[in-house]
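Indexing begins at 1, ligand by ligand and atom by atom, following the structure's order. In what follows, every heavy atom counts, from backbone to side chain, and hydrogens, waters and symmetry copies are set aside. Worth saying up front: this structure is predicted, and the values here are computed from it rather than measured.
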Amino acid sequence: MKKNKHAEIASTHSRLTAADALVIFGVTGDLAHKMIFPALYAMAKHGALNMPVIGVSFSKWSLAELRKHVQVSIKHAGKIDDRSALAHLLSRLQYVSGDYNDTATFKALKLALGKARRPAHYLAIPPSLFSTVINNLGAAGLATNARVIVEKPFGRDLASARALNKIALSVFAEDSIFRIDHYLGKEAIMNILYFRFANSFLEPIWNRNCVASVQITLAENFGVKGRGAFYERTGCLRDVIQNHLFQIVALLAMEPPAYQGFGAVHSEKAKVFQAMRSLQPSDVVHGQYAGYRKEIGVAKRSDVETFCALKLFIDSWRWQGVPWYLRSGKSMAATAAEVLVELKTPPQRLFDDSAPVDGRANYLRFRLSPNSAVALAARVKRAGKEFVGDQRELYLLDEQLKKETPYERLLSDAMAGDGALFTHEDAVEAAWAVIDPVLDIPRTVYRYKPGSWGPKQADALIAADGSWHNPILEKEKK
Ligand code: BG6
């Protein structure tokens, strides 16, 4: 988005200058391996990696071992197709081994940073270590003119998010805290914002007068993939609903930003979370795929949810009374993410086959992954004497997603000091406040078959307003 003078006032992020070093805490871990190194390699290919990259970890590795590990990671993510970019990345690497509780580690880091004056500290470490590292960065004088990049989930409930924000803000300014939700770096999700506000036809119908319900599905056809221990502490609500799915809701539900600039987008999104009604136990269905308890790192009697379906309301003028159904799960029938905004049926049933008799009412569908699509569904008459027809989809967009991964985009933005696609303290806390009442409470977790669309109790949750739209199955019908 373009910025005007008001945006300059509101979006303080735009004033940060580029970072001159990247420090990765947890450099030997899973996140660095899967996401950060491939992103750095892509940045090197695009000429955007011009700073030292200093890895920090407990592991007693040599620099040669780290370099080897980086190459393996890049190979794992795709193929090495640019040797000079790889050599460039490897030449930028340094390694500091040490305990995050030990001030000596931070002294060694200071030494490694040399002349760098504006480091970016990426906390690719378990959330339980965030406060230790943040406090030690502050104590070592490594937070001055620096920024910190933190992964979701930011906290594990409202109280811990508040505590974490407090610690982070005692050492870093809000505009120097980059909270990553990689969904915000996805092309198809950025398109929701564009599509809503670059068109005028949508606004008159985008409210409780015309919208009957909204549903969002994020399904994955694989299990926890060796992340059992992480998942046991997290569960589906914390892993993807409070962040990824809520961010999608915010973009769909927000009011138009009052001016050009992401400062306005941030504050409109935060208002959506603030207007969301807190969830009650009866609004949520928890599921667990059969076999989850046999995964490595998972308790034999675990009741952690690998599936979640929920019904929520946004108590705003625009959305009063419109149900929002969110659903996500591991080991489901497909890997896809999709939004379906179902419109109300015509006020009078003039034709025998009018919805809801024959399927869904008109809708707008946003496919978010694996491809990016926007389709508008409307009924048209079949040729012949009878007044019967079919609902057809008009595709406004249907394309494969571009190669730039969200991590490349977000890491480049954080290094450049552009906070547009990161989440803010007020929004994060308001989102936690919505799900807080249903976290860690006694609940029934329904077993579901891997490869299915989750437990049947989730169908009952939506039954009063229709049925779940299963992304792949609908597509295959075409
Ligand atoms: C991550 C979650 O944040 O998002 C994972 O921790 C999940 O459990 C992933 O699989 C989904 O992201 P994407 O980009 O693959 O849809």
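Note on ring orientation: taking the six-membered ring where Trp is involved, the planes of F195 and F366 are perpendicular (angle over 60°, cut-offs 30° and 60°).
The 4.0 Å heavy-atom shell around ligand 1 contains residues K152, H182, Y183, K186, E220, R227, D239, H244, K330, ordered by chain and number.
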*Where do L421 and F262 land on the side-chain contact (heavy atoms from CB on, under 4.5 Å) test, with the steps shown first?*
CA-CA 8 Å; L421 299 179; F262 272 92; 4.3 Å; yes

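The backbone N or O of Y41 sits nowhere less than 3.5 Å from a side-chain atom of H46 that would complete a donor-acceptor pair. Of the possible donor and acceptor atoms, none in the side chain of S331 sits under 3.5 Å from a partner among the backbone N and O of G451.
The side chain to side chain donor-acceptor pair (under 3.5 Å) pairs that include a residue from residues 223-239 are K152-D239, E232-Y292, E232-S302, R238-D440, where partners are two or more places apart or lie in different chains.
With ring centers used as reference points, Y122 lies 6.0 Å or more from F25.
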